[in-house]
Structure formats: C-alpha cells, structure tokens
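The block underneath contains the structure these notes are about, expressed in structure tokens.
The shown structure was predicted, so the numbers you read here are calculated from the model rather than taken from an experiment.
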Amino acid sequence: MTDERKIREIYGVKSVHEEAAERAEATWREKLLRETADLRTENALLSAQLDEFNRKLVEATDRNEKIEADCNERIAFIEEKFELDTARLELENNELHAASVRYLSRAKGLGRQIVQLHAEAEAMVDEIERLRGERDAALKAQADTFLAQRDLMAEVAALKDRLAVAEQRAAEAEAKVEVMTQMG
C-alpha cells in the first residue's frame with residue numbers, strides 16, 4: 001500500500017511537471033507566432049514603402065526626362081535663333097558696309113542707320129543673354145532633379161536593406177516555430 005501511494009505521488013508530480021512544460025512550450029509557440037506575424041506585417045509595410053518609393057522614382061525619372069527634353073528643345077531653339085540672328089546681323093553689317101562704300105555722299109544718313117543697327121544689336125545681345133539665363137536656369141532645374149532622383153534612389157536602397165533584414169528575421173522566426181513544432 002505504501003508503494004502504491006508513493007507511485008501515485010510520483011505520478012502526480014510527474015504530471016504537474018509535464019503540464020508545466022507543455023504550458024511553457026505553448027507560451028513560447030504563441031510568442032514566436034506573434035513575432036512572426038509582426039515581422040510579416042513589418043515586411044508587408046516595408047514592401048509597400050518600397051513600391052511607393054519605386055513609383056516616386058519612376059515619376060521623378062519621367063519628370064526628369066521631360067525637363068531634359070524641354071531643356072534640349074529650348075537650347076536648340078536658342079542656339080538656332082542665335083545663329084540666325086548672328087547670320088542676319090553679319091549680313092546686315094556687310095550690306096551696310098558695302099552701302100557706305102558705295103554711297104559716301106549719304107554718310108550722314110548711313111550714320112544714323114548704323115547707330116540704329118548698333119542699338120538693335122545691343123538689344124539682341126541683351127536678348128541672347130536673357131535666353132542664356134533661361135537656359136542656365138533650365139540646366140539648374142535639371143541638376144536639382146538629378147539630385148532629388150539620387151536621394152530617392154538612396155532611400156530605395158535603404159528600404160531594400162531594411163526589407164532584407166526583416167525577411168531574414170521572419171525566416172529565423174519561422175525556423176524557430178518549425179523547430180518548436182517538431183519538438184512538440
């Protein structure tokens with residue numbers, strides 16, 4: 001009878017230990033599942049942020065390409081206008097010089113025309129300088145866009161790094177859950 005009583009006491013203690021171990025294992029399993037869910041949520045958020053930054057990068061690239069095309073068109077227009085104006089001025093200047101040689105008697109009238117053409121040439125030089133200023137402003141805007149694009153690319157790279165770390169943590173947590181499941 002004493003042996004039977006000892007067996008019951010030992011069996012009861014063993015059951016309490018087994019029950020406590022099962023509760024501890026269940027608690028760890030729940031904690032790992034929560035951590036895995038949290039990591040999956042964080043992973044999804046980082047993926048969404050990465051998608052958003054990629055979208056912004058595409059938009060910035062599109063804007064940059066449009067600005068660059070616009071700048072190139074403006075520069076081509078300015079250069080063409082400059083060449084045409086220069087050729088026209090050279091032609092007018094040549095014509096005036098030939099006329100001054102031919103019509104020496106009309107020097108006073110030609111002098112006024114030369115003064116007028118000189119004023120127009122100065123106005124054209126001012127216009128050319130203004131157009132150059134616009135070109136320089138367009139090139140600065142393009143450079144600013146390139147800098148913004150570089151900053152976005154750096155942010156995308158940082159997000160990718162964070163995403164890789166989160167995926168690694170999620171994989172480790174899943175492996176822990178798998179080990180705990182196999183042990184249980």
*With a 4.5 Å heavy-atom cut-off, do Arg55 and Glu52 have their side chains touching?*
yes
*Please examine the side chains of Glu35 and Lys176, heavy atoms only from C-beta on, and report whether any two atoms are closer than 4.5 Å.*
no
_Lys/Arg N to Asp/Glu carboxylate O, Arg40 vs Glu174, below 4.0 Å_ = yes
*Roughly how far, to the nearest 0.5 Å, is CE of Met180 from CG of Leu33?*
10.0 Å
*Output, in order, the C-alpha distance, side-chain angles, deciding distance and verdict of side-chain contact (heavy atoms from CB on, under 4.5 Å) for Glu155 and Lys56.*
CA-CA 11 Å; Glu155 288 182 35; Lys56 286 182 180 179; over 6 Å; no
_Co-membership, hydrophobic cluster, residues Leu163 and Leu39, 4.5 Å side-chain_ = no
*Identify the heavy atoms of Leu152 and Ala60 that sit nearest to each other, and give their distance.*
CD1-CB, 4.0 Å
*Please round to the nearest 0.5 Å and tell me the distance separating atom CG of Asp51 and atom CG of Leu159.*
10.5 Å
_Any side-chain heavy-atom pair of Glu59 and Asp62 under 4.5 Å_ = no
*Does CZ belonging to Phe146 count more than 12 external heavy atoms closer than 6.0 Å?*
yes
*If every non-hydrogen atom of Ile78 is compared with every non-hydrogen atom of Arg135, which pair is closest and at what distance?*
CD1-CB, 4.1 Å
*Cluster link Val165 to Leu46, ILVMFWY, side chain under 4.5 Å*: no
*Using 4.0 Å as the upper bound for N to carboxylate O, is an ion pair formed by Arg29 and Glu25?*
yes
*asked:* Within this structure, what is the CG-CZ distance for the pair Leu139 and Arg74, rounded to the nearest 0.5 Å?
replied: 10.5 Å
*Looking at Glu127 and Arg130, does any basic side-chain N land under 4.0 Å from a carboxylate oxygen?*
yes
*Ile128 and Leu89: same hydrophobic cluster, using ILVMFWY side-chain contacts below 4.5 Å?*
no
*Look only at the side chain of Asn72 and the backbone of Glu68, and say whether a donor-acceptor pair between them is shorter than 3.5 Å.*
yes
*Rounded distance [0.5 Å steps], CG in Leu50 versus NZ in Lys160*: 6.0 Å
*So which heavy atom on Thr36 is nearest to which on Ala173, and how close?*
OG1-CB, 3.3 Å
*asked:* So Phe82 and Arg132, do their side chains get closer than 4.5 Å, heavy atoms only?
replied: yes
*pair Glu90-Thr86: side-chain heavy atoms closer than 4.5 Å*: yes
_Lys140 with Asp136: basic N within carboxylate O range, under 4.0 Å_ = no
*Heavy-atom check, side chain of Asn54 versus side chain of Val58, under 4.5 Å*: no
*Could you grab the distance from atom CD of Glu129 to atom CD of Glu122, nearest 0.5 Å is fine?*
12.5 Å
*Could you tell me the separation between the CD atom of Glu178 and the CD atom of Gln182, rounded to the nearest 0.5 Å?*
4.5 Å
